[in-house]
Visitor: 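Pasting a structure below so you can have a look.
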Amino acid sequence: MDLKKAIYTRFERYVKIDTQSDEKSPAFPSTKKQLTLARLLAAELRAIGAARVKLDKYGYVTAELPATAKGEFPVIGLLAHMDTSPAASGAGVRPQVHKGWKGGDIVINRKLGVILNEKNCPELAVCRGEDIVTASGDTLLGADNKAGIAVIMAAAEYLLAHPEIARGRLKIGFTPDEEVGQGVKYFDVKAFGADYAYTFDGAVAGEVEDETFNADGVTIKIAGKSVHPGTAKNAMANAARIAADIVSAWPENQLPETTEHREGFIMFTDISGETEKAEISGIVRDHDLKKLKAMERQLEAIAAAARLKYPLAKIELAFKEQYRNMKEVIAKHPAVMGKLLAAVRQAGLQPHVTPVRGGTDGARLSFMGLPTPNVFTGGYNYHGRYEWVSLDGMNKSAQVLVNLAREWAK
Ligand SMILES: [Zn+2]
């Protein structure tokens, strides 16, 4: 099965449509232009013969591939997101294919000095001899997540053309606004009707993910006491300075810029302040919920020390749950990862199970009752001008999808 050509034709068409989402927009989907791709995908799903194709008022595109095998099998969902990150422009994307990369520099844009190689991206190393796709140096590529959409569409077309491949019912779902953290907010898990699902929204070939961070938000509010600076001795509490004191008391080895793999952190994302009042917002992240709570107690201790040091100020601290590690849910359904690992091996790859240092739509879906790990699509450097995807990696991803469909009908 070689779907490289079919995948690329679709991929090229999808990345040329600007679908950037917008975190400041109160609308859903956050930008109307995502619907351009949604409408195209709905039409294409009908064209390849998918059943129950629907584009709903939120911009969710859903469809079904009826079963080819006789018997009762779990219904499997295949998901990808349509939007691209607000971090870089997604308008006027001009994809280029660097055929049979032999190592060395991949010139994305000589003029702008956008050059990709193993030194600035060691993840490339596994792609020697493969066809690498990049943008042209002034936009992101949009492989995150149009690689996933192209993979699902090409594999669906292939499966519909090959009814001799015995499989159960498959559900397809394309969602907006993943990059602004709202992707599955209105997703109707019950109506979707899948028992288990997979997001095709991962990185290099072989990587699968069943773990995300546990995530809380934190707000620290400081009420100060303003007095004329000339007569402020033992009478002033400067909220802005107390805020700076609290932020700098947090250990430097527990920040996003100093941690990796399974190390957690607190990041202070916003600080605003004057003498009378100050506010600090931040995020708390750890794969281990116990460690997350321990970090929160550590920050509480810093606030308690600040209360003693600044008795004239009022310092309040509040945590808010954002999302939880999906492993907690997925581990209760061992077949979900078992079938996936088998499907990856059948594609000739050694699976790498890595924890995501972030959240996924799958994490939210898992807690909404649909256990949803994440599958690679063959790319890297998402959200920027150095983004790339291997066409061979996308092809492997489609193979995994077809293998998965077969595995679930065993
Ligand atoms: Zn993504």
Side-chain angles (χ1 to χ4, degrees), residues 7 10-11 14-15 17-23 28-31 33-34 37-38 41 59-61 77-90 93 95 121 123 133-135 139-153 155 172-185 187 197-213 215 285 322-323 326 340 352 354-366 370 372-390 393-394 396-398 400-401:
I7 293 170
R10 290 186 181 279
F11 180 74
Y14 304 152
V15 296
I17 301 170
D18 178 8
T19 57
Q20 190 182 52
S21 48
D22 176 2
E23 59 232 312
F28 195 97
S30 66
T31 52
K33 56 193 176 185
Q34 295 180 64
L37 179 58
L41 292 171
Y60 295 115
V61 180
L78 309 163
L79 301 159
H81 65 87
M82 297 181 284
D83 63 318
T84 61
S85 167
S89 171
V93 174
C121 187
E123 285 74 13
V133 191
T134 66
T139 63
L140 50 66
L141 174 62
D144 178 11
N145 187 213
K146 286 157 184 170
I149 297 178
V151 162
I152 293 172
M153 287 297 294
I172 292 173
F174 297 130
T175 57
D177 284 342
E178 190 269 352
E179 299 291 0
V180 294
Q182 302 294 322
V184 292
K185 194 174 173 186
F187 193 77
Y198 299 88
T199 46
F200 283 73
D201 190 17
V204 291
E207 250 179 50
V208 292
E209 293 149 342
D210 64 349
E211 234 189 300
T212 55
F213 272 145
R285 299 290 188 262
Q322 291 176 331
Y323 59 86
M326 65 180 171
L340 176 57
H352 283 254
T354 50
V356 188
R357 284 181 68 78
T360 61
D361 273 352
R364 288 186 176 82
L365 286 170
S366 294
L370 182 60
T372 307
N374 191 27
V375 185
F376 71 89
T377 54
Y380 211 73
N381 282 345
Y382 296 150
H383 301 187
R385 300 183 298 162
Y386 288 84
E387 187 180 4
W388 60 269
V389 67
S390 158
M394 284 200 269
K396 290 275 189 200
S397 178
V400 169
L401 192 162

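Since the structure is predicted, the reported quantities are computational estimates derived from the model, not experimental observations. Remember, it's 1-based here, ligands and their atoms both numbered in the order they're listed.
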Visitor: Taking side chain to side chain contact (heavy atoms under 4.5 Å, CB included) as the criterion, tell me which of D201, T84, D83 meets it with N145.
Guide: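 With N145 as partner, D201, T84, D83 yield a single side chain to side chain contact (heavy atoms under 4.5 Å, CB included), made by D201.
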Visitor: Where do E209 and N374 land on the side chain to side chain donor-acceptor pair (under 3.5 Å) test, with the steps shown first?
Guide: CA-CA 5 Å; E209 293 149 342; N374 191 27; 2.6 Å; yes
Visitor: Do you know which two heavy atoms are closest between G358 and T212, and how far apart they sit?
Guide: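 Heavy atoms only, the tightest pair is O-CB, 3.3 Å.
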Visitor: Can you tell me if, anywhere in E179, an N/O/S atom lies at a distance from the Zn ion (ligand 1) that is smaller than 2.8 Å?
Guide: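 Coordinating: no.
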Visitor: For a distance under 2.8 Å, tell me if D144 has an N/O/S atom near the Zn ion (ligand 1).
Guide: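 Within the cut-off used here (under 2.8 Å), D144 does place an N, O or S atom near the Zn ion (ligand 1).
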Visitor: How large, to 10°, is the angle at the Zn ion (ligand 1) when you draw lines to OD2 on D201 and to NE2 on H81?
Guide: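 Here the angle at the metal atom is close to 90°, to 10°.
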Visitor: Is there side-chain contact between V184 and L79, with heavy atoms separated by less than 4.5 Å?
Guide: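 No, too far: nothing below the 4.5 Å cut-off.
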